[in-house]
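Data first, discussion second: the structure below is written as structure tokens.
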Amino acid sequence: MYILACQGARYNVPFFFQGFHLKRDLERLITEALAALQREGVLSIDTLPTVQIERTRDARHGDFACNVAMVLATTSRIKPRELAERICAAIPAATFDIVEKVEVADPGFINFFLKFDLFHSAPAEILKKKEKYGRSNGGQGKRVIVEFVSANPTGPLHVGHGRGAAYGDAVANLLEAIGFNVHREYYINDTGRQMDILGLSVWLRYLERCGELIEFPINAYRGDYIKDIAIALHKKEGTSLCRSADVVMQGVPPEIDAEAQLDRLIEQAEALIGKEDFRKVTDLAIQAMLEDIREDLAQFGVEFDEWFSERSLVGSQAVEKVIDRLKKGRHTYSEGGAFWFKASGFRDEKDRVLVRENGQPTYFALDAAYHLDKFNRHFDRMIDIWGADHHGYVPRLKAVIEAMGEDREKLDVRLVQFVSLYRGQEKVQMSTRSGEFVTLRELREEIGRDAARFFYILRKSEQHLDFDLQLAKSQSSDNPVYYIQYAHARICSVMRQMEQKNLRWDPDEGVRNLSKLTEPHENALLATLILYPGLVEDAAQSEEPHQLAYYLRELANDFHTYYNAHQFLVDDEPLRDARICLIQATGQVLRNGLGLLGVSAPEAM
RNA sequence: GCCCUGAUAGCUCAGGGGAUAGAGCGUCCGCCUCCUAAGCGGAAGGUCCCAGGUUCGAAUCCUGGUCAGGGCACCA
């Protein structure tokens, strides 16, 4: 039983309203009404439809509306308006604990007008729960793994990774807020040819550092960060790994294609300094990159519970376990010297290679092993956040999960669309190897962490994001994040003013006088505050943090409008206490919401 | 060729089987003796890409186009 104890008024709200998820509560009540009509034989339908409640746009239509009477009109052979009336008559009495009145409107809408008391109970509820307001336990402590970013450690994070980081972290925060036990994980692709190219790139820069004249391969990693690692290598190893350019370039004919040239150079490097030392160079490079990435993400406000190394799978028979399972189900075969998985039998468009002709497992085989590992860690739910360029990869991963005998529905892959960078009208080309990209770090330094995170979140993930650096930089004060933060800062400022004026705020007195808040601006703000917990749940369940961003903008707007229209620090003490309750509650919700998005709520701007 | 996304105000984008389609920015007009004007109020601005279909009702769902971005490896 959820009771708000206030001396003046006592709000008794039945247990099923305690989450303040009003839409869901109303949906349940309508469903009950429909079930009753069904039992009475009024409704002769087999299955009840999913009842949908929506917020009204027009205040004349109340606070929430339901269209179910129109949806059911055809199948039930009852006129929508008449059906709506019957549904209203069958609504459980408990409804009127939160609903003032229910109206039927043409052509068959059922409109709900919420009780005013309910709005007035919001600030007290918020001030009581503080940072817990908006948190719930719908997730019931179920374990969910969110894997995101997982960028290859071949270069610094760029703005595309930033989007995945901002999105993934916000989703993780939201799921935590609704009671899931969230595990944040970063998968490190630290094996394969790309690592060799990374090591080679560093080694060649190191040779330059040693004074050798190297024609740097066009397809090697060209960014300056490679030179930095080379400097570190030089400091650590001196010239012991140096070989003359002539010897290095020997046997690398200039006319062969760029990729073949890289392979030859890697062979040369391993031959000249030994596989072991080349591996040491590569490892140094990987560690340097990971350190850079880790630090960068920490500055961005993103921390992981686990950094899962692909290498750890290589030595652990993980791929063999995958193959064993697939073999047992007879989902494999050999052809052309390679070892295949019959993915086409599991809704993928063609079969996939697990082990190459040269005996090396494919990336896919390792990723299957990685996901098998996730299953072995017994998560109830798994979310992968990938760049949209990997979308073709989803069916084969789901296929192999199913073929291994696991539940493919446990995995939810969210694709985050690309970020296109613009400087004014000009599109910025991005490529890790060429080194021409804007890093996440640069972005943060230019426009700040808060603006960057909010900007990323503002677009729904499946939308392409055009990020105009000039706009974000030059007009940063127009960025909606400042608008929201400003609302919070203003609230803090009011409190400072209050102290300066030697006024005191009595929260209990304020709560007792909440019914004095009757201005339209106050009603609007109260109505928005009360929607927050339901919104958090919806945003979390649909993995759409942008919903929260838009909500916070609306909340800030309600506050700014109120601020402009009314003085809070009025002489009427009970009214003043009540108004401060309202704005303190607003500040709390702004803090809670911004926190979930990884954005700060400054006390002054 | 096949597969994903998207197309909504001048620009960037929310929304999305239902009542008069929304916001920010930009433009125009107002508002500081007063808690921060990084704010507020108002105005102008739309064939929701096109054509069919389903439906009591389509910007929303389906089919087919057009345009844009991205995927279709024994790379990762």
Side-chain angles (χ1 to χ4, degrees), chain A residues 52 54 56-58 60-61 65-67 70-71 73-74 79-80 105-109 111 150-152 154 189-195 197 259 310 335-340 349-350 352-367 387-395 415 417-418 420 455 458-468 471 475-487 489-498 500-501 503 521 544 546-547 549-550 553-554 556-557 559-570 576 579-580 583 604-605:
Chain A
Q52 294 203 335
E54 57 175 20
T56 55
R57 298 209 182 103
D58 190 328
R60 285 173 302 179
H61 302 135
C66 182
N67 67 350
M70 289 175 288
V71 173
T74 309
K79 283 177 190 160
D106 280 327
F109 286 104
N111 293 330
S150 298
N152 293 346
T154 53
N189 292 122
D190 51 4
T191 70
R193 184 167 173 266
Q194 286 190 65
M195 291 303 108
I197 298 171
E259 290 301 319
E310 186 182 4
E335 191 182 292
F339 189 69
W340 295 72
E349 56 185 19
K350 48 185 160 184
R352 306 292 174 180
V353 171
L354 289 165
V355 183
R356 289 190 279 255
E357 206 177 343
N358 65 9
Q360 291 296 310
T362 56
Y363 171 80
F364 170 59
L366 282 157
D367 212 19
D389 53 333
H390 287 70
H391 94 266
Y393 198 81
V394 179
L415 300 173
Q417 286 290 337
F418 275 25
S420 300
F455 224 91
L458 209 47
R459 299 275 168 280
K460 59 179 172 183
S461 58
E462 59 264 37
Q463 271 273 8
H464 294 254
L465 172 58
D466 287 343
F467 211 127
D468 186 334
L471 196 77
Q475 302 193 354
S476 62
S477 63
D478 294 327
N479 192 306
V481 69
Y482 293 104
Y483 180 85
I484 297 165
Q485 289 180 319
Y486 183 44
R490 266 185 154 176
I491 291 164
C492 296
S493 173
V494 171
M495 300 309 283
R496 287 192 294 268
Q497 278 293 321
M498 188 184 71
Q500 271 180 26
K501 290 182 179 175
L503 299 172
H521 290 114
E544 291 184 338
H546 75 275
Q547 284 189 30
Y550 279 86
R553 216 222 148 262
E554 202 178 312
N557 181 34
F559 170 76
H560 284 308
T561 305
Y562 179 37
Y563 180 97
N564 257 65
H566 298 281
Q567 193 75 17
F568 307 143
L569 302 176
V570 289
R576 187 175 71 220
R579 284 188 170 170
I580 292 178
I583 67 167
M605 295 182 74

Decide, applying a 5.5 Å centre-distance limit and a 30° plane-angle limit (both strict), whether F109(A) stacks on G18(B). no
Taking only residues two or more places apart in sequence, or in another chain, which ones meet E554(A) in a salt bridge (Lys or Arg N to Asp or Glu O under 4.0 Å)? R55(A)
Look at the side chain of D389(A) and the base of A76(B), then say whether one donor and one acceptor between them are separated by less than 3.5 Å. no
I197(A) CD1 to A76(B) C1': how many Å, rounded? 10 Å
Determine the interatomic distance between C1' on U8(B) and the same-named atom on C3(B); round to the nearest Å. 26 Å
When the C1' atoms of A73(B) and U12(B) are compared, how many Å lie between them, rounded to an integer? 37 Å
Closest-nucleotide mapping onto RNA chain B: is E54(A) or L465(A) further toward the 5' terminus? I mean the 5' end. L465(A)
Given the rule in the side-chain contact (heavy atoms from CB on, under 4.5 Å) test, do Q194(A) and N189(A) qualify, once you have shown the distances and angles that lead to the verdict? CA-CA 9 Å; Q194(A) 286 190 65; N189(A) 292 122; over 6 Å; no
Contact class for H546(A) (heavy atom, under 4.0 Å): base, sugar-phosphate, or nothing? sugar-phosphate
What contact category does V394(A) fall into here, base, sugar-phosphate, or nothing, at under 4.0 angstrom with non-hydrogen atoms? nothing
Measuring from the side chain of P107(A) (C-beta onward, heavy atoms only), which nucleotide among G18(B), A76(B), C35(B) has the closest atom? G18(B)
Using the C1' atom in both, what is the distance from C61(B) to G18(B), to the nearest Å? 14 Å
Would you indicate, yes or no, if C40(B) has its OP1 or OP2 atom less than 4.0 angstrom from a side-chain nitrogen or oxygen of N557(A)? yes
Could you tell me the separation between the NE2 atom of H390(A) and the P atom of A73(B), rounded to a whole number of Å? 14 Å
Can you tell me if Y483(A) touches the phosphate of C40(B), counting only side-chain N or O atoms and a distance under 4.0 Å to OP1 or OP2? yes
Touch check for Y550(A), heavy atoms < 4.0 angstrom, all strands: base, sugar-phosphate only, or nothing? sugar-phosphate
Any base atoms under 4.0 Å from F339(A), or only sugar-phosphate, or nothing? Heavy atoms, all strands. nothing
Reckon G336(A) touches a base, only the sugar-phosphate, or nothing at all at heavy-atom distances under 4.0 Å? base
Given pairs defined as Watson-Crick or G-U wobble with both distances under 3.5 Å, what dot-bracket annotation applies to RNA chain B, with ( ) intrastrand, [ ] crossing, | other strand and . unpaired? (((((((..((((....[...)))).(((((.......))))).....(((((..]....))))))))))))....
Mind checking the P distance from A21(B) to A44(B)? Whole angstroms is fine. 14 Å
N/O contacts under 3.5 Å, protein versus nucleotides 42-46 of chain B?
none

Going by the angle between their ring planes, with limits at 30° and 60°, are Y563(A) and F568(A) parallel, tilted or perpendicular? perpendicular
Quick one: R490(A) CZ to C35(B) C1', roughly how many Å, whole number? 9 Å
Rounding to the closest angstrom, what is the interatomic distance between U27(B) and A19(B) at atom P? 33 Å
Would a 4.5 Å heavy-atom cut-off, applied to side chains only, mark Y363(A) and T191(A) as touching? no
Could you state the OH-C1' distance from Y482(A) to A37(B), rounded to the nearest angstrom? 18 Å
May I ask you to say what Y393(A) touches in the nucleic acid, namely base, sugar-phosphate or nothing, with a heavy-atom cut-off under 4.0 Å? base
Heavy-atom contacts, protein to nucleotides 4-9 of chain B, under 4.0 Å, summarised as B (base), S (sugar-phosphate only) or - (none) per nt, yield SBS---
For the pair made of NE2 in H521(A) and C1' in C40(B), what is the distance, rounded to whole Å? 9 Å
Would you indicate what R459(A) reaches in the nucleic acid, counting non-hydrogen atoms under 4.0 angstrom: base, sugar-phosphate, or nothing? sugar-phosphate
Which whole number of Å gives the distance between the P atom of G15(B) and that of U54(B)? 29 Å
Syn or anti for C72(B), with syn set at within 90° of 0? anti
Under 4.0 angstrom, heavy atoms only, what part of the nucleic acid is A489(A) near: base, sugar-phosphate, or nothing? base
Along RNA chain B (nearest heavy atom to each residue), the more 5'-positioned of S461(A) and F568(A): S461(A)
If only side-chain N and O atoms of T561(A) are considered, is one of them under 4.0 Å from the OP1 or OP2 phosphate oxygen of G41(B)? yes
Nearest-angstrom distance, P atom, C40(B) to G24(B): 8 Å
Backbone of A65(A) reached by a side-chain donor or acceptor of N111(A) within 3.5 Å: no
Name the nucleic acid region contacted by D367(A), choosing base, sugar-phosphate or nothing; use a 4.0 angstrom heavy-atom cut-off, strictly under. nothing
So F559(A) and I583(A), do their side chains get closer than 4.5 Å, heavy atoms only? yes
Base, sugar-phosphate, or nothing for D190(A), non-hydrogen atoms under 4.0 angstrom? nothing
Between M498(A) (CE) and C34(B) (C1'), how many Å, whole number? 18 Å
Output, in order, the C-alpha distance, side-chain angles, deciding distance and verdict of side-chain contact (heavy atoms from CB on, under 4.5 Å) for W340(A) and L354(A). CA-CA 5 Å; W340(A) 295 72; L354(A) 289 165; over 6 Å; no
How would you label the contact of A73(A) with the nucleic acid (heavy atoms, under 4.0 Å): base, sugar-phosphate, or nothing? nothing
C1' atoms of C34(B) and A43(B), separation to the nearest Å: 27 Å
To the nearest angstrom, how far is K350(A) atom NZ from G71(B) atom P? 15 Å
Mind calculating the distance between CD (E349(A)) and C1' (G1(B)) to the nearest angstrom? 12 Å
Under 4.5 Å between any side-chain heavy atoms of M70(A) and P107(A), yes or no? yes
With sequence neighbours excluded, what pairs up with H521(A) under the ring-ring contact (aromatic ring centres under 6.0 Å, His included) test? H566(A)
Within the distance-only criterion (no hydrogens, no angle test), does the side chain of T362(A) pair as donor or acceptor with the backbone N or O of V353(A) below 3.5 angstrom? yes
Nucleotide N/O of nucleotides 28-31 of chain B paired with protein N/O under 3.5 Å:
none

Can you tell me if Q52(A) has over 12 outside heavy atoms packed within less than 6.0 Å of its CD? no
